[in-house]
Amino acid sequence: MSRFSGLPLRTLSQKSWRWKSGSVNERALQYKIGERIHGFTVNQVTAVPELFLTAVKLSHENTGAKYLHVAREDSNNLFSVQFRTTPLDSTGVPHILEHTVLCGSQKYPCRDPFFKMLNRSLSTFMNAFTASDYTLYPFSTQNPKDFQNLLSVYLDAAFFPCLRQLDFWQEGWRLEHENPTDPQTPLVFKGIVFNEMKGAFTDNERLFSQHLQNKLLPDHTYAVISGGDPLSIPDLTWEQLKQFHATHYHPSNARFFTYGNFPLEQHLKQIHEEALTKFHRIEPNTAIPVQQLWDNPREHHVKCGSDSFATDPTKQTIISVSFLLTDITDTFETFTLNLLSSLLVGGPNSPFYKALLEASLGTDFSPDVGILLKKKNLSQRKGFEEERIELLLHKIESRMKASSLSSFGTSSCWNHEGDPVELLKIADKVTQFRQHLKENPTFLQEKVKQYFKDNPHRLTLSMSPDESYYEKQAKLEAEKLKQKVNTLSEEEKKQTYEKGLELIALQSKPQDTSCLPALKVSDIAPTIPFTELEMAFAADEIPVQYCAQPTNGMVYFRAVSSLNTLPEELKPYVPLFCSVITKMGCGALGYREQAQQIELKTGGMSVSPHIIPDDSHLDAYEQGVLFSSLCLDRNLPDMMHLWSEIFNNPHFEEEEHFRVLVKMTAQELSNGIPDSGHLYASVRASKTLTPAGELQEMFIGMDQVKLMKRIAEMSDIKPVLRKLPRIKKYLLNSDNMRCSVNATPQQMSQASKEIENFLKGITRSKKERKPVRPHVIESPEPVPVGRERLNCSQITRKLITEPTFKPCQMKTHFLLPFPVNYVGECIRTVPYTAPDYASLQILARLMTAKFLHREIREKGGAYGGGATLSHSGIFTFYSYRDPNSISTFSTFEKAAEWAQSGEFAQQDIDEAKLAVFAAVDAPIAPSDKGMNHFLNGISDEMKQRHREQLFAVSSDHLIDVANKYLAGGKSTHGLAVLGPENPHIAKDPSWVKR
């Protein structure tokens with residue numbers, strides 16, 4: 001349950017590092033055990049060379065707070081504070097508390113300092129999460145002053161929050177009139193977490209996982225829903241919330257984590273002085289007792305809502321067999337069991353895949369959900385092939401080389417008093433694992449026997465749909481509401497009405513944010529560092545971009561192949577082609593052997609549709625397919641050989657395996673709707689605004705979800721299978737292709753040879769194929785910085801343009817059995833290089849922070865909402881898990897009027913600029929450097945020009961673009977809603993109902 005789930009947030013980066021002399025690692029290794037620093041004592045100092053880091057464990061003398069610092073040569077520095085939160089009911093107290101502590105604190109009493117800091121900082125990540133047994137508050141930034149500012153706000157929020165009653169009502173739950181200004185309208189439940197959890201449990205996978213945890217671990221906190229059950233949330237009182245904070249949010253129950261290249265001493269000093277000196281040690285009593293093992297297996301059956309996009313309505317039952325395994329603090333045993341799980345259930349070579357999916361017993365499976373008993377016995381008798389074990393160890397090595405700060409995952413183990421540093425020592429675990437196998441060849445079979453065959457703590461859980469499930473939930477909610485309302489006296493009803501008005505007044509009141517720390521626009525670097533790129537032609541005429549980067553022994557390969565010559569009737573099947581082409585077998589390899597080779601020789605191979613709007617024309621776009629893969633440098637010849645075989649000799653014969661892949665793909669698309677509903681609404685809303693919009697809807701929108709459902713339901717799948725070799729003929733050749741390589745300078749010579757061999761070895765069309773659409777324009781690639789080996793104006797991207805295209809308005813309602821809505825409204829504006837683009841980008845951020853957040857989330861009760869501007873020049877308003885729909889469109893309209901009126905100060909504009917630059921300057925991993933140029937045709941020079949335009953945006957510019965593009969009747973709009981029956985839409989003939 002993340003504070004911001006569903007919002008377009010800044011995310012953690014992936015980076016690679018080198019161990020540097022005189023580096024942060026050497027500084028960290030100087031600390032001595034027992035050394036005291038600002039109230040903390042050093043307990044352990046551990047070098048982990050394979051991850052280029054040094055871990056320092058400390059504890060706070062007065063309070064017992066635990067601290068882990070990971071020193072690494074990385075400028076993207078992270079902080080987090082974590083509390084063990086162990087609720088014993090499903091009122092959602094830790095989740096509602098996570099929201100409410102962020103609504104103001106002693107030092108920063110303004111409402112919602114957390115959201116306000118998004119616009120006063122250059123953070124690369126800010127969020128808060130509630131897990132089953134802990135609550136975590138992390139942020140990251142590359143700016144030292146920003147780090148101190150954010151740390152101050154986070155510490156004050158966590159340890160000294162205001163926890164005002166009105167904030168509890170807004171974030172958690174409240175009784176309020178449907179129309180808060182009209183006491184004659186009925187009282188209803190409202191609240192952000194209340195609506196969030198109603199939306200969360202429309203996801204059947206999420207619902208199943210929740211039941212699974214509750215039933216498998218029934219003795220303590222895991223038996224309840226920490227995020228909150230919508231039917232139990234209204235039982236939580238404000239007093240209970242404050243009490244939970246007092247007992248759980250204490251330094252004696254806290255774990256602090258910092259990461260990066262900033263000095264540890266500064267962090268310790270600030271945490272000690274601003275928070276920990278104000279507390280004394282207590283006994284938190286939050287430890288979770290060990291679950292008592294069962295004597296006999298158990299079975300449970302639960303119900304869920306039906307999935308309107310299920311591939312086979314008669315096959316919607318989910319079933320799992322789950323086992324309670326070892327203690328999470330036993331890091332080697334956990335490592336072994338993770339490997340064992342992959343051997344049993346990972347990929348087409350696993351016993352699970354063969355027994356379940358290929359026997360058509362199911363359409364998809366989730367490796368964390370269960371293991372098929374029949375095959376488990378087989379694995380115990382025969383053991384596992386050595387090659388499969390090796391390929392898993394290879395995968396671990398690849399992950400270590402490309403490791404990122406987000407992949408350390410120490411929270412759960414540390415939460416249970418495990419050693420988080422042990423989790424970082426992956427190379428030691430691999431050595432230990434190999435040693436065990438060498439000494440005892442039946443090591444893994446014994447684990448299968450111990451944890452699966454002879455383990456009585458086994459749960460068989462099944463879940464099947466009930467057509468009236470959502471109706472029954474709504475009825476239970478109505479009963480709960482009636483019960484609450486009936487207990488109110490007339491005086492309490494009057495107070496409820498008055499409190500509703502008080503909350504609206506508070507939400508509408510201008511905020512004084514002067515107490516909050518902030519960076520200034522002058523703190524933003526005026527220029528960007530340029531990435532050096534080299535361009536060359538391979539196989540005579542295929543352009544290749546080389547980008548030398550510290551990739552830590554990994555090679556990253558990408559290629560784009562054009563779709564311009566593909567016949568129109570094959571287009572809808574391109575996403576399906578992409579998802580199966582690396583999984584059907586190739587050359588001498590069947591699909592099982594291919595999967596094994598991909599795991600053994602690469603860090604992954606993927607193919608995806610590639611639709612890129614032109615940077616200077618709204619009605620021009622590039623259409624193609626993107627091929628991506630990575631490998632250890634020693635495996636580059638093998639990886640390129642695999643690509644050659646996929647291009648030259650892909651297999652399309654295995655009809656049954658194809659059917660399995662189709663059903664899995666269709667099921668995954670259907671399962672993704674509850675989490676990405678706002679994105680589907682936005683894609684549909686933009687469908688008729690640009691020529692690329694139609695293709696986007698076809699490839700990644702609800703049209704694709706529906707097409708895959710139809711294909712998965714076909715009794716005869718051959719006609720679809722026969723389309724794949726036809727698509728292959730147009731796509732898997734070197735016509736209209738370009739490639740890119742990111743690797744270390746030392747690897748470039750070998751890489752260029754391998755790319756040359758690959759390109760010479762794949763087919764070219766004998767006759768030149770004409771583009772299907774006649775209007776193709778050649779757009780020269782922008783010249784990159786670096787040593788050119790050729791004239792870059794020769795490199796062209798072939799763009800589709802439609803001179804006769806006329807944008808038109810379309811309004812679509814996708815009827816889904818959810819209790820919440822996902823709303824999107826899109827407006828056609830200008831392309832990336834247009835002077836107005838920068839102003840619209842700042843305006844989207846300004847409207848989100850200063851108007852839409854307040855109206856959609858705080859007042860409307862939606863989990864999220866805002867405005868964004870896409871690279872394609874589409875301005876999007878959206879809301880997420882929203883109890884409203886038509887009134888949300890009115891809010892979008894009012895937001896445009898607010899922008900036109902210019903009711904914002906220079907400080908607001910500066911904050912919007914900080915937020916936009918935080919995203920623009922987000923760290924780019926070495927593997928992704930130069931990708932903006934290769935994929936989108938945007939050079940560093942263009943980015944620098946855009947940067948200067950962002951700096952120059954003024955109040956007049958913002959009012960001007962609001963009037964020019966957002967005013968009624970000025971631009972073409974598209975609207976879409978995913979959600980339940982809507983009487984207003986049903987009566988309106990201008991809406992298309994799907």
Side-chain angles (χ1 to χ4, degrees), residues 4 7-10 110-123 126 507-514 516 518-524 825-827 829-830 832 834-860 864-871 873-879 888 891-921 946-967 970-971:
F4 291 126
L7 302 182
L9 272 186
R10 311 164 192 171
C110 67
R111 290 188 64 255
D112 222 348
F114 204 70
F115 270 97
K116 304 276 187 301
M117 285 306 290
L118 279 171
N119 306 299
R120 302 169 74 88
S121 136
L122 290 171
S123 67
M126 277 180 75
Q507 289 165 336
S508 306
K509 196 173 149 190
Q511 290 291 297
D512 176 11
T513 56
S514 57
L516 287 171
L519 292 182
K520 299 183 175 67
V521 174
S522 56
D523 292 320
I524 302 167
E825 178 168 357
C826 294
I827 302 161
T829 63
V830 292
Y832 179 80
D836 285 345
Y837 185 90
S839 301
L840 285 161
Q841 203 175 355
I842 303 286
L843 184 63
R845 186 62 234 173
L846 181 70
M847 292 168 86
T848 299
K850 300 297 170 187
F851 188 90
L852 293 165
H853 173 75
R854 179 182 73 224
E855 299 296 322
I856 292 175
R857 183 178 164 111
E858 292 183 352
K859 291 185 185 177
T868 60
L869 179 68
S870 72
H871 172 63
I874 299 295
F875 192 98
T876 301
F877 292 109
Y878 70 92
S879 73
T888 299
T891 302
F892 296 159
E893 209 173 304
K894 286 179 192 144
E897 288 162 9
W898 173 85
Q900 289 157 45
S901 70
E903 285 178 40
F904 36 81
Q906 186 56 44
Q907 171 72 18
D908 300 332
I909 299 170
D910 288 349
E911 288 180 9
K913 285 184 182 180
L914 279 166
V916 168
F917 274 109
V920 166
D921 292 342
H946 177 60
R947 188 179 196 81
E948 285 152 19
Q949 288 168 343
L950 287 171
F951 277 120
V953 170
S954 68
S955 179
D956 288 347
H957 289 131
L958 295 171
I959 296 166
D960 179 50
V961 294
N963 280 308
K964 211 190 281 188
Y965 304 103
L966 305 187
K970 289 290 173 75
S971 302

Nearest non-hydrogen partners of [X] and [Y], listed with the distance:
{"X": "S839", "Y": "L958", "answer": "O-CD2, 3.3 Å"}
{"X": "R120", "Y": "L516", "answer": "NH2-O, 2.9 Å"}
{"X": "S508", "Y": "K859", "answer": "OG-NZ, 2.8 Å"}
{"X": "G866", "Y": "L852", "answer": "C-CD1, 3.6 Å"}
{"X": "K970", "Y": "K964", "answer": "CB-O, 3.3 Å"}
{"X": "T848", "Y": "G865", "answer": "CG2-O, 4.1 Å"}

I need the [X] [atom1] to [Y] [atom2] distance, nearest 0.5 Å.
{"X": "L914", "Y": "I842", "atom1": "CG", "atom2": "CD1", "value": "9.5 Å"}
{"X": "R857", "Y": "H853", "atom1": "CZ", "atom2": "NE2", "value": "6.0 Å"}
{"X": "K509", "Y": "R111", "atom1": "NZ", "atom2": "CZ", "value": "9.5 Å"}
{"X": "L869", "Y": "I827", "atom1": "CG", "atom2": "CD1", "value": "10.5 Å"}

Go through the structure and list residues passing side-chain hydrogen bond (donor to acceptor under 3.5 Å, both in side chains) with E948, not counting sequence neighbours.
-> Q944
Sorted by chain and number, sequence neighbours left out, side-chain hydrogen bond (donor to acceptor under 3.5 Å, both in side chains) with K520 holds for none
Test item: [X] and [Y] side chains (from C-beta on) under 4.5 Å apart, heavy atoms:
{"X": "V830", "Y": "L840", "answer": "yes"}
{"X": "Q511", "Y": "D112", "answer": "no"}
{"X": "Q841", "Y": "R845", "answer": "no"}

So which of W898, Y878, F877 actually passes ring-ring contact (aromatic ring centres under 6.0 Å, His included) with F892?
-> F877
Which is it for E903 and K850 under the salt bridge (charged side-chain N to carboxylate O under 4.0 Å, His left out) test, yes or no, and what are the steps along the way?
-> CA-CA 10 Å; E903 285 178 40; K850 300 297 170 187; over 6 Å; no
Answer yes or no: is there a donor N or O on one side and an acceptor on the other, between the side chain of K913 and the main chain of V953, under 3.5 Å?
-> yes
Backbone N or O of Y837 within a donor-acceptor pair of the Q949 side chain at under 3.5 Å?
-> no
